[in-house]
Amino acid sequence: MTASDDALVLSYSAEGELTASEAILLRSRRRATRLAVALVRAPFSAETVTELTAYVEQDAEAAQVAYQQLRDLPESALRRRITELTADRGCPAGDGREVQS
């Protein structure tokens, strides 16, 4: 997938549902975390190398595009979106209030 494939615009979907870009970022983050663990546990394993290569060739570019779009949003839009996504899940401060430590 190239950066020009499908507009990966962070358009707002129904409240509490992930947009296409958000879903890409979530999947990529989870995959990258699994790869980081594999690189620590078995850095020279053929399976680790294969998975890492596949990630770079298949997912990394779309994740970079989605991440840049996220970074380009105004802070107020990001905060609003976080509130939308966390409100229905009973997360702390899902109502927009700051989490108190």
- Look at the side chain of T48 and the backbone N and O of A42, then say whether any donor-acceptor pair between them is shorter than 3.5 Å. yes

- Query: For Q68, what residues pass the side chain to side chain donor-acceptor pair (under 3.5 Å) criterion, not counting sequence neighbours?
  - Reply: D72

- Item | Test item: E84 side-chain N/O and R81 main-chain N/O as donor-acceptor pair under 3.5 Å | no

- Sequence neighbours excluded, which residues qualify as salt bridge (charged side-chain N to carboxylate O under 4.0 Å, His left out) partners of E47? none

- CZ-OG1 distance between R80 and T83, expressed to the nearest 0.5 angstrom: 9.0 Å

- Please name all residues satisfying side-chain contact (heavy atoms from CB on, under 4.5 Å) with A36, sequence neighbours left out, ordered by chain then number. none

- Query: In the hydrophobic clustering (ILVMFWY, side-chain contacts below 4.5 Å, transitive), which residues join F44, or is it alone?
  - Reply: none

- Note on the structure: So CD of E17 and CG of L85: to nearest 0.5 Å the spacing works out to 10.0 Å

- Query: Are any of the side-chain heavy atoms of L25 and L18 separated by less than 4.5 Å?
  - Reply: no

- Task: Mind jotting down which residue pairs meet the side-chain hydrogen bond (donor to acceptor under 3.5 Å, both in side chains) criterion with at least one end in residues 29-42? Sequence neighbours excluded, please.
- Result: R31-D59

- Task: Kindly give the cluster partners of L39, where membership spreads through any ILVMFWY side chain lying under 4.5 Å from a current member.
- Result: L35, L52, Y55, V56

- Note on the structure: Those residues at least two apart in sequence (or on a different chain) that pass side-chain contact (heavy atoms from CB on, under 4.5 Å) with P74 are S76, A77

- Task: Identify the heavy atoms of S21 and A66 that sit nearest to each other, and give their distance.
- Result: O-CB, 3.8 Å

